[in-house]
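All values below come from the heavy atoms of this structure, side chains included, with hydrogens, waters and symmetry mates left out.
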Amino acid sequence: MALNLKDFCSYARLSPDEYGDDAETAVAELCLQAAVEHAKSAGIPVERLNESGNPKLELYIYALALHFFDNRGFSPSTPSYAANEYMVKLMTKMRVELEAEGLEDNV
């Protein structure tokens with residue numbers, strides 16, 4: 001198991017054929033990279049996903065990437081702040097779940 005753009009696009013139901021060009025796929029790749037970086041900054045050991053795999057973590061990263069993808073564009077600062085706080089809560093919850101399952105060293 002490893003994070004990759006093809007699996008994320010499948011998760012998000014994105015297809016270049018559906019949009020007629022690769023623009024959406026390029027944005028999806030940026031969103032996936034952003035999700036990985038946000039998770040790393042929250043202390044989630046994403047870099048070890050390729051070594052031992054964790055379906056729960058993989059799904060979490062794809063869900064976070066889809067959050068970025070679905071919430072593109074400009075928004076007022078208050079809702080944007082609320083969305084950012086929500087993401088921080090999700091990352092914290094994921095880290096706590098991994099620790100509770102004893103997976104923080106095996107992710």
Walk me through whether L66 and F8 qualify under side chain to side chain contact (heavy atoms under 4.5 Å, CB included). CA-CA 8 Å; L66 187 58; F8 169 63; 4.1 Å; yes
According to a 4.5 Å side-chain heavy-atom criterion applied to Ile, Leu, Val, Met, Phe, Trp and Tyr, with indirect links allowed, do V46 and L59 form part of one hydrophobic cluster? yes
Does a sphere of radius 6.0 Å around NZ in K40 hold more than 12 heavy atoms from other residues, nucleotides or ligands, not counting ones at 6.0 Å or beyond? yes
If you compare all heavy atoms of D7 against all heavy atoms of E58, which two are closest, and at what distance to 0.1 Å? OD2-OE2, 4.0 Å
Does any non-hydrogen side-chain atom of I61 lie less than 4.5 Å from one of V36? yes
Where does the angle between the aromatic ring planes of F68 and H38 fall among parallel (under 30°), tilted (30 to 60°) and perpendicular (over 60°)? tilted
Closest approach of C31 to A65 (non-hydrogen atoms, all atoms of both residues): CB-O, 3.5 Å
Going only through I, L, V, M, F, W and Y residues with side-chain contacts under 4.5 Å, is there a path from V96 to I44? no
Could you give me the CA-CA distance, side-chain angles and deciding distance for L32 and Y62, then say whether side chain to side chain contact (heavy atoms under 4.5 Å, CB included) is met? CA-CA 7 Å; L32 180 58; Y62 290 153; 3.9 Å; yes
Any chance you could lay out the side chain to side chain contact (heavy atoms under 4.5 Å, CB included) test for Y60 and E97, step after step, and finish with the verdict? CA-CA 12 Å; Y60 166 76; E97 285 181 19; over 6 Å; no
Shared hydrophobic cluster, L30 / L3 (ILVMFWY, side-chain heavy atoms < 4.5 Å): no
